[in-house]
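One structure is given here, and the rest of the page talks about it.
Small disclaimer: the values here were computed from a predicted structure and weren't measured.
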Amino acid sequence: MRASQFHISTSKETPADAEIVSHQLMLRAGLIRRLASGLYSWMPMGLRVIRKIEAIVREEMDRAGGVELIMPAIHPAELWQESGRWEKYGPELLRLTDRHDREYCVGPTHEEVITDIARRELRSYRQMPMNFYQIQTKFRDEIRPRFGVMRSREFIMKDAYSFHLSEESLLQTFDDMHTAYCAVFDRVGLEYRPVEADSGSIGGAKSREFHVLAESGEDALAYSTGDDFAANVEKAEAISTATRGAAKSEMVSVDTPKVHTIDQLTKALKIDVTQTIKTLLVKGADTPVVALIIRGDHQLNEIKAEHLDAVLTPLTFADAKDIKAAANCDAGSLGPVGLTIPVIADGDAAAMSDFVCGANVNGKHLQGVNWERDLPEPVIADLRNVVDGDPSPTGKGEIKIVRGIEVGHIFQLGTTYSETMKAAIPDENGDMQNMHMGCYGIGITRTAAAAIEQNNDGKGIIWPDAIAPFTAVISPIHMAKSETVKAAAEALYKTMKDAGVDVLFDDRPLRPGVMFADMELIGIPHRFVVSEKHIANDQLEYKGRRESDAEIISISDALGKLGVSA
RNA sequence: CGGGGUAUGGCGCAGCCUGGUAGCGCACCUGCUUUGGGAGCAGGGGGUCGUAGGUUCGAAUCCUGCUGCCCCGACCA
């Protein structure tokens, strides 16, 4: 591609409302342009990255036995009503009505549509297993789109759905997909980690997320130093090893005016945060509210809390009125002593003795509180986020926390959808069996952003070769003034094109500094500079995007730098 | 959804407090000079100052409504 015939649109200035580096660089490099909140155009330079990621995903999906199709972006409401998700999915589902007053939604995911296809198309166990996939634009009406294409409303996703006669077959495909996903992210060239995850609203049994490791990631991941355990913090089991000490103190009430937070409490009473507990009231499934107890320094894991039978789904914190009704005080003075509502405590909180908590009287806290003696033994459940240094749930090593960007997620759905949508198939004996399903997603556009998040420097993006918009750039110095430079650059361009290199020929009549800065911002991994200086010796200058210095090489060695031959 | 901020040329901003009819940098166009790390000089084009209303002789500026966008929050015990 000749730069003069392409569209390059770079900017020196960082857009004011872009927060994270990938968003800033995508805008500055002219990869994307914003149309409206959470809606982005992929400009020619950016689209090349998307196409390359798609190609890798497609190849690995095909290799793993996937079969590509494409489904509509707009879905009839009936299908979603049939699965029950028309009501369950909530406001993220963009609904619309056509001229005949029929209701539709813009597909945020395609379980309903594919299940409908499967129940019509798959009529014999002999056709199983089947793994359909598509690469397509999705829409989710996020409450708060941010970080550019990292969390946009419209985005490109590869979604695959597998159908099986048996659970064993599903497990096999799940493993195959795991392998395929690793192959994808290996090829894309990113540092990533597969982790155990909660399956969330989609439902189903087991799921695994693929995260690109990056400080700016929205997810916290826990891994073990002792073995290969890795899980999203949402999912990672907190192990309580503490044993309760004997009660040493009497329970006393102390005045704590204006103390509403754990931080204020530890300062006011000059105690360690690990002697305190937090009491959180949430709406209950059978009672108006339920009390959840965790140690003062721990954080409630909302996913774990939501999984408790006693807790209303979705998890909803009690409002001031509910709190007043249950404990006759404000939120800052809550404690478990004397409560008549269900009390569920995290393992570590239940193992405490002589602890401090709110007195359920505004401006008062209780010290020296002990389970059993001062209040009933609580129901014990895992309620908190794991923290750095926790023992690994596998019993080997301890937990470390890193941050990641979720770029892939694979689920075992089981028969959730096939049951509600009646997708059954006769087995060898002619008995109808609900299909077992799996689903597997990769955020194509998010992967591009994650790649930048992980690979950039002060000058701009540093694309991994596999997904760079162009693998190499030829930068001729003052080509307009030098026939020899022009001839040599043209010749090199032809050689590279003929060898199948995805090369950009920067034939724009620009000063060298401008060309270099542009290409470094855009992040082209390999640069070949053709100039009068070296041309007499049949040489040119090569520089890798990550390297600080250029090297002088023979023109005939240029292709070798890219690992290709003519 | 709650709170905060913001809206001025394609982009980034100043002007607003103290009302007098719009300016800077980048980008763009023309010319000359320059030419291996985002050139210099000269000239030029482009803005109903988000929108609707109000106050005023006069509104980018003051007031009100609306809308867009951004940030924070939705973990507080």
* Structure fact -> On RNA chain B, more 5' by nearest nucleotide between A:Ile277 and A:Pro15 is A:Pro15

* **Whichever of A:Ala318 and A:Thr14 has its nearest RNA chain B nucleotide further upstream toward 5'** => A:Thr14

* Is A:Arg2 salt-bridged to A:Glu490, cutoff N-O under 4.0 Å? -> yes

Given [options], the nucleotide with the shortest approach to the side chain of [X]:
X: A:Arg34; options: B:C75, B:C69, B:C11; answer: B:C69
X: A:Arg511; options: B:G37, B:C75, B:U34; answer: B:U34
X: A:Glu19; options: B:C75, B:C71, B:A77; answer: B:C71
X: A:Leu521; options: B:U34, B:G38, B:A74; answer: B:G38
X: A:Ile323; options: B:C1, B:A77, B:G38; answer: B:A77
X: A:Glu13; options: B:A27, B:C11, B:U35; answer: B:C11
X: A:Leu300; options: B:C75, B:G37, B:A77; answer: B:C75
X: A:Phe317; options: B:A77, B:G38, B:G25; answer: B:A77
X: A:Lys278; options: B:C75, B:G37, B:U35; answer: B:C75

* Say you pick atom P in B:G10 and the same atom in B:A39; how far apart are they, in whole Å? -> 24 Å

* To do: Quote, to the nearest angstrom, the C1' distance that separates B:A60 from B:U51.
  => 14 Å

Complementary nucleotide of [N], counting Watson-Crick and G-U pairs under 3.5 Å:
N: B:C41; answer: B:G31
N: B:C11; answer: B:G25
N: B:G53; answer: B:C63
N: B:G2; answer: B:C72

* N/O (side chain, A:Ser11) to phosphate O (OP1/OP2, B:A27) under 4.0 Å -> no

* To do: Measure up the A:Trp80 and A:Tyr89 rings against each other and bin them: parallel (under 30°), tilted (30 to 60°), perpendicular (over 60°).
  => perpendicular

* Asked: Strictly by modelled atom types, are A:Asp518 and A:Thr10 linked by a side-chain donor-acceptor pair under 3.5 Å?
  -> yes

* Check whether the side chains of A:Thr471 and A:Asp502 place a donor and an acceptor atom closer than 3.5 Å, and report yes or no. => no

* State whether the number of non-hydrogen atoms from other residues, nucleotides or ligands found under 6.0 Å of A:Glu250 atom CD is greater than 12. => no

